[in-house]
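Report on one structure; see the data block that follows.
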Amino acid sequence: MMGNKLIKGVAAGAIIGGALMMLDRETRQYVTGRSKTCVSSCRNVAQHPSEAIYTLRTKYESFSDKLNSGIDQAIELLNKVESALNKIGEVDEAVNNQFRSANNSKEAS
């Protein structure tokens with residue numbers, strides 16, 4: 001029951017806040033301009049649905065290609081990092097082996 005009152009209160013506050021903001025001339029002009037653009041876009045989609053679907057598909061394909069390219073670059077970078085870490089590990093192991101052999105030769109003397 002309390003959640004219902006909360007939702008009603010939030011909705012009422014949003015409506016009152018929106019109405020108060022419409023008193024500002026720039027806000028009214030912005031809302032009017034955006035509303036006209038939205039109505040025009042919706043009308044265009046309704047009149048040419050195949051064109052809208054084609055545009056959506058091409059944008060999706062473009063986004064998908066860019067995402068795949070980014071993933072490929074990230075994988076390549078990770079492989080380079082892994083290779084560098086492996087080389088560092090090999091160098092570290094070689095240095096440790098040299099220290100061990102130097103310590104062994106000192107102990108033998």
Side-chain angles (χ1 to χ4, degrees):
M1 197 70 168
M2 290 296 266
N4 194 16
K5 288 182 182 179
L6 175 67
I7 292 172
K8 286 180 182 178
V10 169
I15 290 170
I16 291 169
L20 286 175
M21 290 298 103
M22 294 305 271
L23 295 175
D24 181 42
R25 175 181 222 143
E26 289 180 19
T27 303
R28 280 194 312 270
Q29 290 173 345
Y30 175 80
V31 170
T32 303
R34 293 297 249 174
S35 297
K36 287 179 182 179
T37 302
C38 182
V39 168
S40 174
S41 295
C42 290
R43 202 174 279 146
N44 188 30
V45 168
Q47 290 174 351
H48 308 287
S50 61
E51 184 180 316
I53 291 172
Y54 174 77
T55 302
L56 180 65
R57 191 182 88 231
T58 56
K59 287 184 179 183
Y60 171 77
E61 288 173 354
S62 173
F63 172 76
S64 178
D65 290 343
K66 289 178 184 177
L67 181 63
N68 286 336
S69 174
I71 290 171
D72 290 342
Q73 289 174 355
I75 289 172
E76 185 178 323
L77 179 63
L78 287 173
N79 286 336
K80 287 179 181 179
V81 168
E82 181 182 24
S83 175
L85 289 174
N86 286 339
K87 288 179 183 177
I88 290 171
E90 291 170 4
V91 168
D92 186 45
E93 188 176 326
V95 168
N96 285 336
N97 286 339
Q98 288 179 354
F99 279 139
R100 276 189 224 121
S101 59
N103 284 339
N104 288 341
S105 64
K106 285 182 183 178
E107 288 175 4
S109 331

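Excluded from the calculations below are hydrogen atoms, water molecules and symmetry mates; all remaining heavy atoms, backbone and side chain alike, are included. Residue numbers count from 1 along this sequence.
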Identify, with sequence neighbours excluded, every residue that meets side-chain contact (heavy atoms from CB on, under 4.5 Å) alongside Ile75.
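Scan of Ile75 (side-chain contact (heavy atoms from CB on, under 4.5 Å), adjacent residues dropped) gives Ile71, Asn79.
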
Please set out all donor-acceptor pairs under 3.5 angstrom arising from side-chain atoms of residues 38-62, sequence neighbours excluded.
from	atom 1	to	atom 2	distance (Å)
Ser41	OG	Thr37	O	3.1
Thr55	OG1	Glu51	O	2.9
Arg57	NE	Glu61	OE2	3.4
Thr58	OG1	Tyr54	O	3.2
Thr58	OG1	Thr55	O	2.9

Can you tell me which residue pairs pass the salt bridge (Lys or Arg N to Asp or Glu O under 4.0 Å) test with a partner in residues 68-83, sequence neighbours excluded?
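Output for this query lists Glu76-Lys80.
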
Only distances under 3.5 Å count here; give the side-chain donor-acceptor pairs of residues 90-97 to other protein atoms, sequence neighbours excluded, each with its distance to 0.1 Å.
from	atom 1	to	atom 2	distance (Å)
Asn96	ND2	Asp92	O	3.4
Asn97	OD1	Arg100	NH1	2.7
Asn97	ND2	Glu93	O	3.4

Tracing side-chain links under 4.5 Å among I, L, V, M, F, W and Y, which residues wind up in one group with Leu77?
none

Would you mind writing out the side-chain donor-acceptor pairs for residues 14-26 within the sub-3.5 Å range, not counting sequence neighbours?
from	atom 1	to	atom 2	distance (Å)
Asp24	OD2	Thr27	N	3.4
Asp24	OD2	Thr27	OG1	2.9

